[in-house]
Amino acid sequence: MANTIPTAVSSLGDAFEAMLLDSARITKVSVTSTTTDVAHELRDDTTLVVLNVDSGSAGVLVCRLDDAFDDAHDWLLQPGQHPLGVPGGERTLRFRALADETETTVRIQEN
């Protein structure tokens, strides 16, 4: 995987990759609307992301769809760090706020 290093074997006996902190692969998006998407395109070689939602917010909704946000397929990201695997598939992350006029910053780190 790009921008990762191998780690020690886990307690389950599996080795896994750890993402490197690389400021060149961090993007900030500002989410302020419950009806207008904020889209982020993942790099083609990205397989891991960490989404960091500002602690002062109620959270944001995210879905991984190309053409439009879909309420039936969104996921709530509460404040904090969310490591997720994104191997293959759709490369667009779409974000929406939980409440209008409340700005929430989401930091996206890709491996």
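Remember, predicted model here, so these are calculated numbers, not experimental data.
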For the student: nearest non-hydrogen atoms of Ser57 and Pro79, plus distance: O-CG, 3.0 Å
Common cluster, Val29/Ile26, ILVMFWY with side-chain heavy-atom separation under 4.5 Å: no
Value rounded to 0.5 Å, distance of CG in Leu77 from CG in Leu84: 7.0 Å
Considering all heavy atoms, the nearest His40-Ile108 contact: CG-CD1, 3.6 Å
Donor-acceptor contact below 3.5 Å, side chain Arg25 vs main chain Asn111: yes
Rounded distance [0.5 Å steps], CD in Glu110 versus CG in Asp44: 10.0 Å
Path from Leu65 to Val86 over hydrophobic side-chain contacts below 4.5 Å: no
Atom pair CZ/NE2 of Arg94 and His73 - distance to nearest 0.5 Å: 14.5 Å
Where Asp70 and Cys63 come nearest, the two heavy atoms and their spacing: N-SG, 3.8 Å
Hydrophobic cluster identity match, Leu48 and Leu42, side-chain contacts under 4.5 Å: no
From CZ (Arg96) to OG1 (Thr35), nearest 0.5 Å: 6.5 Å
From CD (Glu41) to OG1 (Thr92), nearest 0.5 Å: 3.0 Å
Closest approach of Ser30 to Glu103 (non-hydrogen atoms, all atoms of both residues): OG-OE2, 2.6 Å
Beyond-backbone contact of Asp54 with Arg107, side-chain heavy atoms, under 4.5 angstrom: yes
Closest heavy-atom pair and its distance - Leu61, Leu76: CD2-CA, 3.9 Å
Heavy-atom closest pair, residues Val31 and Val38: CA-CG2, 4.1 Å
Cluster overlap Leu98 with Phe69, hydrophobic side-chain contacts below 4.5 Å: yes
Test log, rule salt bridge (charged side-chain N to carboxylate O under 4.0 Å, His left out), inputs Asp66 and Arg91: CA-CA 7 Å; Asp66 181 34; Arg91 309 315 292 163; over 6 Å; no
Distance (rounded to the nearest 0.5 Å) between Lys28 NZ and Asn52 CG: 10.0 Å
